[in-house]
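The next block holds one structure in the form of structure tokens; read it before the comments.
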Amino acid sequence: MLQQTQVTKVLEYYQKFVDRFPDVVSLAGAELQDLLKTWEGLGYYARARNLHKAAQVVVRDLEGHIPVDYAAFRKLPGVGEYIAAAVQSIAFNAPYAVVDGNVKRVLARLFLVKTPINRSASTRIFQEKANQLLDHSVPGIFNQALMELGATVCRPKSPTCVVCPVNAYCQALQMARQSEFPVRQKPKPLPEYHVVAAVIHRDDQVFITQRKPEGLLGGLWEFPGGKIQVKETAEQACVRAIREETNLLVEPIEYLTRVKHAYTHFKIVMDVFHCHYQSGEVVLNEAIDYRWITVNQINQFPFPRSNHKFIPLLTQGKEDYNE
DNA sequence: AAGGCGGGGAA
DNA sequence: TTCCCAGCCTT
């Protein structure tokens with residue numbers, strides 16, 4: 001959960017998660033949909049899928065025992081260098097140094113590392129520095145201390161160097177160039193797409209589809225839609241996209257709202273329409289499953305944040321489009 | 001080595 | 001708006 005996610009955000013989910021899946025057996029035996037529902041809103045849903053797989057490997061192949069050695073633990077799905085080092089050092093006192101965003105920032109300032117931290121080439125450099133610094137007598141404590149230093153003192157902006165316990169060793173501070181480190185490669189601007197989503201009504205039900213299990217928002221449910229093409233109105237795009245994705249013929253009835261949302265690699269502006277089901281049998285294209293549900297069943301399915309931005313509007317007496 | 005993969009809090 | 005968060009996996 002903590003991968004690329006702030007601790008305060010994880011705290012909203014962690015207790016709920018371990019209450020629901022208290023051990024590796026319950027996690028391995030759970031339905032992925034239930035995991036995703038508990039994970040809903042936390043993002044990076046591959047983490048939940050990998051955690052599910054890892055639990056199943058532990059139960060099926062390892063007799064329910066979490067591997068105690070680094071190499072075996074590292075092989076589990078979703079376990080990379082950081083998680084392996086963190087768990088092995090903190091839980092088992094094994095001498096492995098962690099390198100996360102905090103550690104990179106601290107080390108970049110301490111040693112004036114000029115390699116951009118968002119380039120893969122920097123990983124080896126920071127890992128070697130961390131390995132050299134690691135206190136082998138208390139590796140778990142050392143790792144957490146270095147991360148905590150980065151989170152509380154050696155912050156990205158306005159670090160409080162005056163209270164830093166290692167300020168005497170900081171090369172960036174000596175040159176008064178803390179703000180220049182760590183170096184970061186300029187990110188490319190995010191492309192923005194104009195898309196539509198359809199709330200298709202038929203009797204007292206609405207139509208939702210499930211995304212394929214891998215990739216963006218894998219396994220989540222959503223109100224179907226698609227990109228608006230050039231020289232096409234939003235309504236036209238709505239009808240075309242729904243026909244392409246579901247084979248259903250629909251009629252846009254009322255404009256609901258506009259939603260803006262940012263993903264890791266692009267941004268969307270999404271126009272949402274209430275639509276009447278007109279005709280056709282469901283034939284899915286990209287989606288792997290569908291449901292006709294009532295609005296009050298929506299909370300039984302994991303939806304992406306972009307959909308949650310308009311879902312509340314569906315339950316405010318606006319769902320009556322039967323006639 | 002680069003890019004895909006969420007969402008939100010802080011500045 | 002921009003930055004960046006206790007990273008990992010695929011291409």
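Chain A is the first sequence line, chain B the second, and so forth, proteins listed ahead of strands; every chain is numbered from 1.
Per the geometry, NZ belonging to A:Lys104 stands 17 Å off P belonging to C:dC3, to the nearest Å. Atoms NZ (A:Lys260) and C1' (C:dT1) sit 12 Å apart, rounded to a whole Å. One can place NZ of A:Lys53 at 12 Å from C1' of C:dC8, the figure rounded to the nearest angstrom. Distance A:Tyr14 OH to C:dC5 P: 22 Å, rounded to the nearest Å. One atom, CG of A:Leu190, and another, P of B:dG3, lie 13 Å apart when rounded to the nearest Å.
Not counting sequence neighbours, A:Asn167 has no partner by the side-chain hydrogen bond (donor to acceptor under 3.5 Å, both in side chains) test.
Residue contacts for A:Val79: at a heavy-atom cut-off of 4.0 Å it reaches the sugar-phosphate backbone alone, with no base atom in range. Counting non-hydrogen atoms under 4.0 angstrom, A:Glu148 reaches nothing in the nucleic acid.
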So what does the secondary structure string of DNA chain B come out as, 5' to 3', with Watson-Crick or wobble pairs under 3.5 angstrom, [ ] for crossing and | for pairs with another strand? |||||.|||||

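Between A:Tyr263 and A:Phe266, the ring centre distance stays below 6.0 Å.
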Sugar-phosphate or base contact per nucleotide [nucleotides 4-11 of chain B; S, B, -; heavy atom under 4.0 Å]: BBBBBS--

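Looking only at distances, a side-chain donor or acceptor of A:Tyr45 sits under 3.5 Å from a matching main-chain atom of A:Gly41. A distance-only check finds no donor-acceptor pair linking the side chain of A:Arg202 to the backbone of A:His276 [under 3.5 Å].
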